[in-house]
Amino acid sequence: MDTLSQLKSELENEYQTTRKFVERFPEGKNDYAPHEKSMKMMPLATHLVEVFEWPNTILNTSELDFAKGGYQPTVLSTKEDLLKKLDQDYEAGKKALENVKEDDLNPSWTIKNDGHELASWSKYGAIRHALNQITHHRAQLGVYYRLNDIPLPGSYGPSADSQGF
């Protein structure tokens, strides 16, 4: 099985779908959150687009330690910034997948916080997890859009909005 071509194809499909969502990002709603425990809309959208870079990080490291690696979330403020970051991070993830071999998916990759292991997968499993994160966070963003009467584009088929319901 050619796992890399499947991962590249899925990343491309998720990128195309996510781009449609980001193109509808509303002005003036960066700080909207449906609940006090929910992320605000712009940080959620920023996190979503950042996940497209994860294949690059995963394939070029053995772990990510949030407390020791100097990781800082990106702060964006406009739809144009989101689109630029999405394109940039997608290209980085795509390029990483184009420059490895199937065997490069086998080593383990771990997320830690100050040395404490939070999760560990094969690099393939970590990339699959990243792809799942894209779907998960895009769905969250879709709820935010729905609560603000922003029409939803289709994801894996037409949406009620794209069909005129």
Side-chain angles (χ1 to χ4, degrees), residues 1-27 29-30 39-142 144-145 152-156:
M1 171 168 40
D2 185 3
T3 308
L4 284 167
S5 68
Q6 292 177 5
L7 289 173
K8 287 185 272 190
S9 176
E10 189 171 351
L11 187 71
E12 162 75 20
N13 291 335
E14 295 302 322
Y15 164 76
Q16 294 298 336
T17 300
T18 300
R19 195 163 214 301
K20 291 186 289 186
F21 273 76
V22 173
E23 287 170 348
R24 295 183 184 203
F25 192 88
E27 296 298 328
K29 296 284 187 178
N30 290 7
M39 288 179 77
K40 294 181 188 286
M41 193 179 306
M42 180 57 84
L44 173 61
T46 300
H47 177 61
L48 168 61
V49 302
E50 284 184 307
V51 176
F52 283 88
E53 189 279 339
W54 287 11
N56 180 54
T57 296
I58 292 164
L59 290 167
N60 289 296
T61 62
S62 61
E63 68 179 37
L64 173 64
D65 190 319
F66 290 112
K68 296 179 180 177
Y71 172 78
Q72 291 294 319
T74 301
V75 176
L76 302 176
S77 59
T78 67
K79 175 175 31 179
E80 290 74 26
D81 291 341
L82 280 169
L83 287 166
K84 183 178 176 183
K85 181 74 171 154
L86 172 62
D87 292 345
Q88 173 187 327
D89 285 358
Y90 166 68
E91 287 301 323
K94 178 181 164 188
K95 184 176 179 182
L97 289 169
E98 290 170 348
N99 291 318
V100 296
K101 296 181 171 63
E102 288 283 329
D103 287 345
D104 296 324
L105 298 172
N106 295 330
S108 66
W109 192 79
T110 305
I111 295 177
K112 296 179 179 179
N113 190 25
D114 201 22
H116 175 72
E117 183 176 307
L118 303 176
S120 186
W121 308 269
S122 66
K123 289 189 178 200
Y124 166 79
I127 293 168
R128 287 284 334 127
H129 180 76
L131 290 165
N132 292 339
Q133 287 291 303
I134 290 168
T135 305
H136 167 74
H137 292 305
R138 191 176 59 237
Q140 283 182 291
L141 187 61
Y144 287 34
Y145 283 10
L152 299 178
S155 291
Y156 303 112

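These numbers were taken from a predicted model, which means no experiment stands behind them.
How far CZ of Phe25 is from CG of Leu76: 9.5 Å, rounded to the nearest 0.5 Å. Asn13 CG to Lys8 NZ: the interatomic distance, rounded to the nearest 0.5 Å, is 13.5 Å. We find the CG-CE distance between Leu141 and Met39 to be 10.5 Å, quoted to the nearest 0.5 Å. The CG atom of Leu83 sits 11.0 Å away from atom OG1 of Thr18, with the distance rounded to the nearest 0.5 Å. In this structure, CG on Leu48 lies 7.0 Å from CZ on Arg138, to the nearest 0.5 angstrom. Between atom CD of residue Glu98 and atom CG of residue Leu11 there is a gap of 10.0 Å, rounded to the nearest 0.5 Å.
The residues Glu91 and Lys95 are annotated as not salt-bridged, no charged nitrogen and carboxylate oxygen being separated by less than 4.0 angstrom.
Side-chain atoms of Met41 and Pro26, non-hydrogen and from C-beta on, do get closer than 4.5 Å to each other. Residues His116 and Asp65 form no side-chain contact, since every pair of their non-hydrogen atoms from C-beta on lies 4.5 Å or further apart. Side-chain contact between Val49 and Thr74 is absent, with no heavy atoms from C-beta onward closer than 4.5 Å.
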side-chain contact (heavy atoms from CB on, under 4.5 Å) between Asp114 and Lys68, intermediate numbers included: CA-CA 6 Å; Asp114 201 22; Lys68 296 179 180 177; 3.5 Å; yes

Evaluation steps, side-chain contact (heavy atoms from CB on, under 4.5 Å), between Ile127 and Leu97: CA-CA 10 Å; Ile127 293 168; Leu97 289 169; 4.1 Å; yes

Verdict with supporting geometry, Thr110 and Leu118, side-chain contact (heavy atoms from CB on, under 4.5 Å): CA-CA 8 Å; Thr110 305; Leu118 303 176; over 6 Å; no

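No donor-acceptor distance shorter than 3.5 angstrom exists from the side chain of Lys79 to the backbone of Val22, with no hydrogens or angles considered. Judged purely by atom type and a 3.5 angstrom limit, Lys94 has no side-chain atom pairing as donor or acceptor with the backbone of Glu12. A donor-acceptor pair under 3.5 Å links the side-chain atoms of Asp104 to the main chain of Lys101, judged by distance alone. Between the side chain of Glu14 and the main chain of Thr135, no donor-acceptor pair closer than 3.5 Å is present.
Checking Gln133 against His136 by side-chain atom types alone, no donor-acceptor pair falls below 3.5 Å. In the model, Gln6 has no side-chain atom that pairs as donor or acceptor with a side-chain atom of Glu10 under 3.5 Å.
Using bins of under 30°, 30° to 60° and over 60° for the plane-to-plane angle, the ring pair Phe52/Tyr15 lands in the perpendicular bin. Note: Phe21 and Tyr145 have parallel aromatic rings, judged against thresholds of 30 and 60 degrees for the angle between ring planes.
The two atoms that bring Ala92 and Glu53 nearest to each other are CB-CG, 4.0 Å, heavy atoms only. Here the closest non-hydrogen pair linking Glu50 and Pro73 is OE2-C, 4.3 Å. Annotation for Met42 and Ser77: closest pair CE-C, 3.4 Å, computed over non-hydrogen atoms. Heavy-atom minimum distance, Asn56 versus Ala96: CA-CB, 3.4 Å. Considering all non-hydrogen atoms of both residues, Thr57 and Trp109 come closest at O-NE1, 4.1 Å. What you find for Pro43 and Asn30 is that their closest heavy atoms are CD-O, 4.0 Å.
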